[in-house]
Every structure is written in structure tokens, then in C-alpha cells.
Amino acid sequence: MSNKIKTTVGSHRIELTNLEKALFPGISKGELIRYYLKIAPVMLPHIKDRPLSFQRFPDGINAEGFYQKQAPSAYPEWIKRIPLGVKDIVDYASADSAADLVYFAQQAVIVIHTSLARADKPHNPDLLVFDLDPPADDFGMVKKTALQMRALLEGLDLKCYVKLTGSRGVHLAVPLDRSWDFGLVNSFADRVAGLYQRKHPDETTVEISKAKRGNRIFIDTNRNHFAQTAVAPYSVRAREGAPVAAPITWGELSNADIKPAQFNIENIFDLLANRADPWADIYRHGLPLKRAEGLLQSLENSEKS
DNA sequence: GTGTGCC
DNA sequence: GGCACACAACGCTGG
DNA sequence: CCAGCG
Ligand SMILES: [Mn+2]
Ligand SMILES: [Mn+2]
């Protein structure tokens, strides 16, 4: 009656239950599991070797969900754990095969978050992320800010990649060589965001307090810390229609019709059929921030005149 | 969603 | 077997 | 310390 089946993914047997249960209006748990199985080859390079955190919704996105950081003791031994923590040690789950993703989806994991650092050097991020959050559903303002932030970052001789978050905004990602720790990377990010914000005070803010943001884009640099996380590329979001966080090209962002929740567990495969993952090479382009910091200093100095 | 303790 | 129940986050920021 | 935030 409870609709159990066993399946094999790679070398692992996994029991799947309640495949017909709706986790989103009109979208079943079976469809979620199928998505993670199918996206695995493209997604795994982005989450491999990173501590993962999850948002789980066993009774669907319109019921109560919860966050999970500590990997449950009941996980099979083939799911690797990454022990990390600021105060107490948490054994984070990790994923290096499609079987891991299928197992997580069976547990009603809908959203996957990752650290911006890999497990072998957990205090030194290989990505710097600027999270651009619009006050309402004004994506036009987000696009403009993203393009100008990219120009600023490229002016500092850095690379900048973009993904739609699948909810309301975008993430800009700057690949790093891991020579700086989170403390240094975060203060660099704060200075870049601050410089941009002072140039565009009516369109953007760096205020955490929602009350102080007004009708402006929040440039959020607070993901760039040890044990903080950002939604993973190709993660599903817990929203109607099962949208996904989608890496896109800068050309695609400029498209007049683009929307932040444009891609979902079905149509993301049409996009990937027509072109490769735009982030496929991101980790080959990690750069140091040392020289960028010098260039940033010059820009800050020339503000004063 | 899953492991446990208990009738 | 089947039911009730517990349990599944945390670190940073500004005031 | 606490409330707010993601
Ligand atoms: Mn955001
Ligand atoms: Mn900071």
C-alpha cells in the first residue's frame, strides 16, 4: 500500500517510497527523484567535496519543512560525511555520485545548499558570491545591477559568473584560488559591494535590515563565511513549479524575457541540450584577490576626489 | 522520512 | 505488525 | 545580550 520499490543507482540499492505523493502542486516525489538522477552529471562537479545542507519537505512545499545540517546516523556508509564546525562539530553530508542525490531526494530533500569552500581547505573559499535580492519582483533592476557589478569585477581583473537562483534574484560568483580565507574574502566582498552601492545609492543597498532596504536591490555578501552556505547550482527550489537554480550565460541574462525562476526540473534539460553548463569551467579559473585588492584600493581612493 | 520502543 | 513519538540549523550582524 | 536575517 505504501508504494515501495527498490532500484539500483550505480552500485547501490536504494528503496524508494511514495513516488506518487505530490511534493509540489502537480509534481510528484518520483519526478523530483528523477530530476536529481538526471541532473547528477552536470550538478555533481559543483557540489562534490563540499559540505551540504538541506531543506526537506516530507509533506510537500506547502506543509512545514525543516533544515538539515547534521547527517543522520541512519545514512548508509557509502554516503560520505564531512565533519566541520565553528563551535560544535557537525557531520555534513556530501555527494559524489548520482546515488547520493537519489538517496537524498527519497528523504524529501528539495533544496541543496553548499559551502563556498571545499572540504580539504574549508576556511579558504574557491568562490566569492554576491547575492542580489530585489525588494519585490523587479528583475529588470537585478539584471542591470548584475551587468554593472560584472563590469566592476572584470575591471579588477576578476572573472564573474551568474546564476538565476530560481526564486527572485541572481548570484554572481567569482572563482578564487583559495589563497585567502573567509575573513579576508568577506572583507574584500564588503568593500566591492560598498563601492558599488555608493555609486548607485538609489538602486542598491547593503543593509541587512529589511526595514532599511527600501525599494532597492540588496547586495548580500554574507554568504562568504565559514559554515555559511549558498544554494547549489541546479538545486531545486521549494516553490510552485519546481524551479531550479540555473547557471546561465551573460548573453542569456540580457535576454528581454529572462526571469529568475525561468528554469525548472523539466525545461532545464532543453537549455542543457542546446549548450553546455556555463559554469563547467569555473573552478579552472580561480584567481587570487591580492592584485584585485590593490586595484580596488585605487578606485576607493579616487572616490574621495 | 525514518528509527525506536512498546503493546 | 502497527502505532506514537522524537527528531531532522546555525552563524553572522547591528543595535 | 537579543532580534533579525538568510
Ligand atoms: Mn538571494
Ligand atoms: Mn561581512
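Below, chain A is the first sequence line, B the second, and so on; all start at residue 1.
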[X] has an atom [atom1]; how far is it from atom [atom2] of [N], in whole Å?
X       : N       : atom1 : atom2 : result
Q228(A) : dC5(D)  : CD    : C1'   : 10 Å
H225(A) : dG14(C) : NE2   : C1'   : 13 Å
N222(A) : dG6(D)  : CG    : P     : 9 Å
K87(A)  : dC10(C) : NZ    : P     : 10 Å
I89(A)  : dG11(C) : CD1   : P     : 10 Å

Leading and trailing nucleotides of DNA chain B with any atom under 4.0 Å from heavy atoms of chain A: dG1(B) to dG3(B)
Base-paired stems that DNA chain C participates in, counting runs of 3 or more Watson-Crick or G-U pairs under 3.5 Å: B:1-7 with C:1-7, C:10-15 with D:1-6
Side-chain donor-acceptor contact under 3.5 Å, T205(A) with Q197(A): no
Of residues 200-218 of chain A, the positions that come close to DNA chain C - non-hydrogen atoms, cut-off under 4.0 Å: I208(A), K212(A)
Interface with DNA chain C, restricted to residues 162-175 of chain A and to heavy atoms under 4.0 Å: none
Between NZ on residue K159(A) and CG on residue L287(A), distance to nearest 0.5 Å: 7.5 Å
Nearest-0.5 Å distance, CG of residue L132(A) to CE of residue M149(A): 6.0 Å
Derivation and outcome, side-chain hydrogen bond (donor to acceptor under 3.5 Å, both in side chains), residues Q228(A) and N224(A): CA-CA 7 Å; Q228(A) 298 294 108; N224(A) 302 288; over 6 Å; no
Considering only NZ, NE, NH1 and NH2 on the basic side and carboxylate oxygens on the acidic side, decide whether [X] and [Y] come within less than 4.0 Å.
X       : Y       : value
K121(A) : D181(A) : no
D133(A) : R168(A) : no
D202(A) : R216(A) : no

Kindly indicate whether the side chain of [X], heavy atoms from C-beta on, has any atom under 4.5 Å from the side chain of [Y].
X       : Y       : value
H46(A)  : Y234(A) : yes
P243(A) : F263(A) : no
Y283(A) : P175(A) : no

Centroid-to-centroid, [X] to [Y], below 6.0 Å?
X       : Y       : result
Y75(A)  : F104(A) : yes
F24(A)  : F57(A)  : no
H123(A) : F182(A) : no
Y161(A) : W250(A) : no

Within 6.0 Å of CZ in R191(A), more than 12 heavy atoms from elsewhere: yes
Any donor-acceptor pair under 3.5 Å from N255(A) side chain to E252(A) backbone: no
Backbone N/O of T17(A) and side chain of K29(A): donor-acceptor pair under 3.5 Å: yes
Interface residues of residues 100-128 of chain A with DNA chain B (non-hydrogen, below 4.0 angstrom): Q106(A), Q107(A), A108(A)
For DNA chain B, the residues among residues 64-85 of chain A that have a non-hydrogen atom under 4.0 Å from it: A74(A)
Sugar-phosphate, base or nothing in reach of D220(A), heavy atoms under 4.0 Å: sugar-phosphate
C1'-based separation of dC5(D) from dA9(C) [nearest Å]: 14 Å
Inter-nucleotide C1' distance (dA8(C), dG3(B)), Å rounded: 12 Å
Trace of the side-chain contact (heavy atoms from CB on, under 4.5 Å) decision for Y103(A) with D100(A): CA-CA 5 Å; Y103(A) 186 88; D100(A) 302 60; 5.7 Å; no
